[in-house]
Structure formats: C-alpha cells, structure tokens
Amino acid sequence: MTVYGYRLPGFSSLILWGLLWEVIGQLDVTFFVPPLSEVIRTLFSIIGTPAFTKALAETGYAFSISVAIAIGLGIPIGILMGRSRLLDELLLPWVNMFLSAPLTALVPVLMVLFGFGMKSIIITTTLFAIWIIILNSRAGVRQINRSLVEMAQSYGASPFDAFFKIYFWAALPEILGGVRIGIIRAVKGVIIGQLLISIVGFGALFELYSSNFLMAHFWAILIVLFTLAFTISEFLAYLERKVAYYAAKR
Amino acid sequence: MSQTNPPPVATEEAPSDIAVSVRNVSKNYGDVEALKDLTLDFPRGELTSLLGPSGCGKTTLLKIIAGLLKPTSGEVEISGKPITGPGPDRAFVFQDFALLPWATVLRNVAFGLELRGVAKSEREAIAEKYINNVGLSGFEHSYPHELSGGMRQRVGLARALSVDADVLLMDEPFSAVDEQTRRKFQEDLLTLVHEENKTFIFVTHSIEEAVYVSDQIAILLPRPSRVLEVIRPSGFRNKSADSIRRDPEYLDIVDNIWASLRSYVE
C-alpha cells in the first residue's frame, strides 16, 4: 500500500491496530483489554519461566507429531485418491464430511476411545489438519497435464518413480497450500485438545490465566501462538512462491 | 486418389524390412469406432507419416503403437514381436513437449534414462551429447519456462533420442511451434532420419509437412479410421532440403492428397 507516495512495508496496518489497542487499554474501557504495552511487558516476563517453557514443550510436541502424521498420511492419501477412481469414490465422502464437521464435538468420543492423555490430543490435532491436506493433494494431482503421465508411462516409469518423480512434484504447489492451511488448523486443534482433553501445555495456561482474570497474560500467550503460527505459515507461503514459476504450466 | 488423376509417382516396391507392423487393429470407445481393422507396415530406418483430417484417429493409432492405449482387437508387432505395453524399443515425442517444469534441461533430457536406472554421471554424459546434437548447448541448466516453444520441443526430441530406441513416435511435434521454427525443424528432421538408423512414425495434419519429411505417407480417413492409401515419394528424397519445396513431384503429391482429403474436411 502507498500513502502520499510512500510505500508502506507489509503489516503496517498492525501498527494502527496496535495503537488502537493501546488507547482502548489506557482508557480502561474493560478489564478484558489491558493496554498492549502491558501485554508485551507481561509477555517478556513470562517467556523463560518454567511454566511457559513446559507449556511450549508440551504443545510443540503434540503439534509437531500431529502435523508430521497429517502430512505423512495426508499427501500420499490425497495423491492416491487423485490417481485412483476407486479410492476416490470410497474416501471422498468421508474427507468432505470430516473437513466440514465440527471436530470439537468429536473430542469427547475420542476421549472415550483413546483416553485423556497425549494420544487423544495428537489424534484431535491430526484430525484438524489432515483433511485439507488430502483434498489439496488430490486437487493438485487431478490437474496434472495428461501428457506428463503418458510421458512417465512411455518411458517405463515404475509406480514408485511416477509417484515421487512426477505426481508429487506436479502437485507440489497445491500440496504446499494444503499443508499451510492444515498447519493453521492444527494450531487451533492442539489448543482445543489441550483445553478439552487434558489441561496441559498452552491450553492449561489459557485456562489458568482466563479463570484468574489475568488478561495481560492471556493476551501474551495468544500473541505467542499467533506469532508461531504466522511464522510457519509465512515460511510455507515462501516455499509456495518458490514453486509458483511452474504452477501455471504443468 | 481420383481415377482421372493418377499418382505421378511410380510407387516403389515396399521394403521387406518392417520395423513396426500394425495388424487388424480396431479401437472402440464405447459405441464409437475410432479405428476399424487397420493394417499398416512401417519400414525400418524410414519416416512414415500418418496424415489425415482431425478425428481420423491418427493420434490414437500412435498411442496404440506406443503401448499407451490398448487396442480393442488386433495387435502391433515391433520387429516381429507383439507388444504388450510401453517398452524401451520406442520413444515418444509429445505435441505439448511433456517436460518436467521443475527440472533443468539436462535432467529433462536424461529423464528417460533416469527412469531406466542409468547412473547419474553416465546418463548426464549421454544427455549432454544429445543436447549438443539438437543445438541447445549452453542451456543445460535452464528451466523449460525460460525456453521458447521451439527450444522446448528440442528438449523433448533430445530426451527421445537419448534413450536410443529403435522407433521414434512423434505426435504432431511441430504443431505448437511457430512457422519459421517449424520449417527449421522439418529440415533438421530430414538430417536426423538420414543420420540415425531409426524408424520414425510421425503424426501430422499438415499435408506439406508430411510430403516434405516422409519416405512414406499413410493417408487415414475418419469415422471409422481406415487407410485410404500409402504414398511413397521417390524422386526428391535425395535432393537438398531447400529444393524439395520446388520439386514438381512434391507439388503434385501435395495437390493430389488435398484432392482426396478435401471432401472429408468439414
């Protein structure tokens, strides 16, 4: 965006919103919104405390395992669905259903099935992330140029080679898009899991701070989470841009 | 060809060494007969064009020979052996090039060999040689989107040559490049057929192109596809590339083919 001929750097609007936040906080409109400066002070005071490090480790652990499972299963399933009519007919209704289902409502069922521990949290988080990864990988594979597939066939590609040397790369722009959205959904999933299943990690901190009306702490943790999710998603967006040169001509 | 207009060429005896032989091939898509009982021989070391109006099944026939499509009935033999699918004895050149957009020219050219499990250094040495042959040296590390259409098809051609197959299948390879590049390609193709001891099967919808490059032209008619006739130009094959287009025999054959195809073009 340009204002009076000056090109504003990205995210300049955040400064404006930050200022507004500070003003509302200073005016003491509601206890729910403490001034941004206080939130940031609190943020620096809790980073490094054992409670914070423990929460970060617990959440990070559940998050990274879930994302790894969602990517490791989601991409192959999506590619296979895109290649096989039969598999597609079998699985697509389920994928679409779970994509739009209110997964939070499923959490109690998962708790009955898998207990109150890390296992349930990981499964919940995976369920939040995986469906969009499957759908995007499927979409990516379905739009592969037919002659690339024929080329692989005519030069005698094994199914393994075709999968890893053609389909995966040809679908990569869509796959990365799916992974990016999947990861954002996983952030949501891991916090919901840690709030509903067992009170650990950042979920426990949210619970603790909000029930004690420590709003500055509450917002500080939210900012930490936002920053983490934003960084990962920007990194994936960067990778997407790196493959954009061939996205238009496959 | 019409009765009043006899072929100006004394059609030679068909050579006995047949590389590819299509025997009574039919192909149906549901109720639609794309090919019906088609029989055709492709002599070794020569270029045979499949020429016909659109919808005459020439690409279908080429893909059946490639093993990419299964015929409904009939069979294709390569050097006397029936085929069951794609094989290392055939290489395909695609109309839209079919290059890997994420790979360099070098990897694209070597990709056929890569799929056959040839070691990296060996396949890249072979690829380098053919990149040089098709006139793309210096572009080894470029990506397809950085090349013009003509250069991309040179990459596709180099890939097909580098697997050293006996039979080269070309599906309208020059139709997606501009007119001047196409002429250059056609001249280069004549040299290629002359130098490489390979059998070329060339699908085109351009009469001039077919007559210019072919040792043998099979004219296909549509719905269901059948062979109208096989023409073997003889007089100008050994002339230089630039005098062919002025050769009376070349011009007569072009006219005669148009006369026989005219009524099938909507």
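The model shown is predicted, which means the values in this text are computed figures rather than measured ones. Here is the naming used below: chain letters follow the sequence lines, and residue numbers restart at 1 for every chain.
When heavy atoms are compared at a cutoff of 4.5 Å, B/Ala160 approaches chain A by way of both its backbone and its side chain. Contacts between B/Phe111 and chain A at a heavy-atom distance below 4.5 Å involve the side chain alone, from C-beta outward. For chain A, no part of B/Leu169 is nearby; none of its heavy atoms comes within less than 4.5 Å.
Looking at heavy atoms from C-beta onward, A/Asp161 lies out of side-chain contact with B/Glu114 at the 4.5 angstrom threshold.
Annotation for B/Gln180: atom CD does not count as buried by contact number, only 12 or fewer foreign heavy atoms lying within 6.0 Å. The local environment of CZ in A/Phe163 is crowded, with over 12 non-hydrogen atoms from other residues, nucleotides or ligands closer than 6.0 Å.
Between the CD atom in A/Gln153 and the NZ atom in B/Lys63 there is a gap of 10.0 Å [rounded to 0.5 Å]. Atom OG of A/Ser154 sits about 5.5 Å away from atom CG of B/Leu68, to the nearest 0.5 Å. Interatomic distance, A/Asn145 CG to B/Leu99 CG, rounded to the nearest 0.5 Å: 10.0 Å. A distance of 5.0 Å separates CD1 in A/Ile166 from CG in B/Leu100, rounded to the nearest 0.5 Å. Atoms CZ and CZ, on B/Phe94 and A/Arg146 in that order, are 10.0 Å from each other to the nearest 0.5 Å. Distance CZ/B/Arg116 to OH/A/Tyr155: 8.0 Å, rounded to 0.5 Å.
Contacts of residues 83-92 of chain B with chain A at a heavy-atom distance below 4.5 Å involve B/Pro86, B/Gly87, B/Arg90, B/Ala91, B/Phe92, listed in sequence order.
Qualifying side-chain contact (heavy atoms from CB on, under 4.5 Å) partners for A/Phe164, counting only residues two or more places apart in sequence or in other chains: A/Phe160.
In this structure, A/Ala152 and B/Leu115 approach most closely via the heavy-atom pair O-CD1, 4.1 Å.
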